[in-house]
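Heads up, the thing below is written out as structure tokens.
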Amino acid sequence: MIVSTPGDGIPERLLASSPAELERYLLTPAVEAWPLEHWVQLRVLAVGRMQSPALTRETRLRWGRLALSAVSGMARSQTPQQTMADSARVRASMILEFGVSDSDAARDLPALCSEILRNVGVSLEAAERLAEDWRTAPRERMLWLRRIKNMLTPLLPLHALLKEGDPVFQETRAWMKLIPHLP
């Protein structure tokens, strides 16, 4: 059994384990006490292994899902927009690497776009107005606009996949035009 206490990092044995062992471990009560640093460490590890060409496609997909589990674990220490941005980065990487899939929630591009748009929390027109003077805006508004940018930016490499007729993709493309105007 792997035992970890807050502040001492993820156990080395766990870091060297297989995705299956990590998946089992994440179902145990031990992870409920994990501090943010453990979740960040797991996300970094999982994203790195997801990108490793030495591993099989299926193993890399499992690591991608583990990265998303880590993002979920980080959620209690972040704003919903920060969590959405972290999730969008991992999911966009998975879509780029492994393709769009409507049977894999992690690689469902319309769902990802819809989730991002739901988390923006304001109309495009309002965001455009607020972005006009972001340099002189209060710090909180700057941070909020930056979080919008952080949620949208992972979609840039997926722009060609945003098909013309889909209303969610049309709205997403409109939002992506705002990215250069955000802090």
Side-chain angles (χ1 to χ4, degrees), residues 10 14-15 19-20 22-27 31-32 34-52 55 57-124 127 142-163 166-179 182-183:
I10 298 174
L14 189 58
L15 293 174
L22 265 168
E23 290 161 352
R24 282 189 300 276
Y25 185 75
L26 291 177
L27 296 174
V31 297
E32 292 173 17
W34 270 18
L36 176 62
E37 295 78 23
H38 283 46
W39 293 111
V40 171
Q41 185 180 14
L42 177 59
R43 186 198 62 210
V44 170
L45 171 77
V47 167
R49 292 193 180 158
M50 174 187 77
Q51 296 171 340
S52 173
L55 300 174
R57 174 185 166 89
E58 185 54 42
T59 301
R60 293 170 65 207
L61 281 166
R62 286 179 88 169
W63 281 111
R65 290 186 197 95
L66 281 165
L68 290 172
S69 293
V71 168
S72 293
M74 294 165 51
R76 70 175 180 257
S77 301
Q78 298 180 316
T79 68
Q81 292 80 16
Q82 289 169 312
T83 301
M84 184 72 248
D86 285 341
S87 176
R89 280 191 290 278
V90 173
R91 290 171 67 184
S93 292
M94 291 177 76
I95 290 168
L96 281 171
E97 187 68 28
F98 306 109
V100 175
S101 172
D102 53 1
S103 63
D104 179 358
R107 296 183 294 133
D108 185 334
L109 184 55
L112 174 59
C113 291
S114 294
E115 289 171 38
I116 290 171
L117 295 175
R118 271 194 311 275
N119 276 281
V120 168
V122 68
S123 70
L124 177 58
M142 280 189 218
L143 287 172
W144 178 70
L145 290 169
R146 178 57 136 188
R147 287 182 183 129
I148 291 173
K149 184 176 186 174
N150 290 344
M151 287 187 287
L152 294 168
T153 300
L155 297 176
L156 288 173
L158 304 175
H159 191 270
L161 300 175
L162 302 176
K163 298 178 187 96
D166 191 310
V168 170
F169 290 163
Q170 288 175 346
E171 185 178 358
T172 301
R173 281 194 307 276
W175 272 97
M176 289 170 69
K177 290 177 186 173
L178 184 60
I179 292 172
L182 295 170

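Numbers here are sequence positions counted from 1. These numbers were taken from a predicted model, which means no experiment stands behind them.
In this structure, the side chain of Arg43 does not engage the main chain of Val71 through any donor-acceptor pair within 3.5 Å. Not one N or O on the side chain of Ser87 forms a donor-acceptor pair closer than 3.5 Å with the backbone of Thr83. With hydrogens and angles ignored, the 3.5 Å screen pairs no side-chain donor or acceptor of Arg65 with any backbone N or O of Ala106. The closest donor-acceptor contact from the side chain of Gln41 to the backbone of Ile10 lies under 3.5 Å. Checking side-chain atoms of Arg60 against main-chain N and O of Met94 turns up no donor-acceptor pair under 3.5 Å.
For the residue pair Ser93 and Met50, the shortest heavy atom distance occurs at CB-CE, 3.7 Å. Met142 approaches Pro183 most closely through the heavy-atom pair O-CG, 3.6 Å. The shortest non-hydrogen separation linking Asn119 to Pro80 is OD1-CB, 3.9 Å. Scanning all heavy atoms of the two residues, the minimum distance from Glu32 to Arg76 falls at O-NH2, 3.6 Å. Contact between Pro110 and Val168 at its shortest, heavy atoms only, is O-CG1, 3.9 Å. When all heavy atoms are compared, the tightest approach of Arg91 to Ala105 is NH2-O, 3.2 Å.
Looking at Leu45 and Leu15, their side chains come closer than 4.5 Å, going by heavy atoms from C-beta outward. When side chains are defined from C-beta on, Phe98 does not count as touching Asp104, because their heavy atoms never get closer than 4.5 Å. Two residues are said to be in side-chain contact when any heavy atoms from C-beta on lie closer than 4.5 Å; Trp39 and Gln78 fail this criterion. Using a 4.5 Å heavy-atom cutoff, the side chains of Thr79 and Trp144 are not in contact. Residues Leu22 and Arg62 are not in side-chain contact: their nearest non-hydrogen atoms beyond the backbone lie 4.5 Å or more apart. Using a 4.5 Å heavy-atom cutoff, the side chains of Ile179 and Met176 are in contact.
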May I have the step-by-step check of side chain to side chain contact (heavy atoms under 4.5 Å, CB included) for Leu124 and Glu171, ending in yes or no?
CA-CA 9 Å; Leu124 177 58; Glu171 185 178 358; over 6 Å; no
Does Ile116 form a side chain to side chain contact (heavy atoms under 4.5 Å, CB included) with Thr172? I'd like the steps, not just the answer.
CA-CA 9 Å; Ile116 290 171; Thr172 301; over 6 Å; no
Mind running side chain to side chain contact (heavy atoms under 4.5 Å, CB included) on Trp34 and Leu42 for me, showing each step along the way?
CA-CA 11 Å; Trp34 270 18; Leu42 177 59; 4.0 Å; yes
Between Leu112 and Met84, is the side chain to side chain contact (heavy atoms under 4.5 Å, CB included) condition met? List the steps.
CA-CA 9 Å; Leu112 174 59; Met84 184 72 248; 3.8 Å; yes
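Partner of Met151 under the side-chain contact (heavy atoms from CB on, under 4.5 Å) criterion, out of Gln82, Arg89, Glu115, Gln81: Gln81 alone.
Here Trp175 contributes atom CH2 and Leu182 contributes atom CG; the two are 8.0 Å apart, rounded to the nearest 0.5 Å. To the nearest 0.5 Å, atom CG of residue Asp166 and atom SG of residue Cys113 are 8.0 Å apart. How far CG of Leu162 is from CG of Leu156: 9.5 Å, rounded to the nearest 0.5 Å. Expressed to the nearest 0.5 Å, how far CG of Leu161 lies from CG of Leu155 amounts to 10.5 Å. Separating the OG atom in Ser114 from the CG atom in Leu109 is a distance of 9.5 Å, to the nearest 0.5 Å. Taken from CH2 in Trp63 to CD in Glu58, the straight-line distance is 13.5 Å, to the nearest 0.5 Å.
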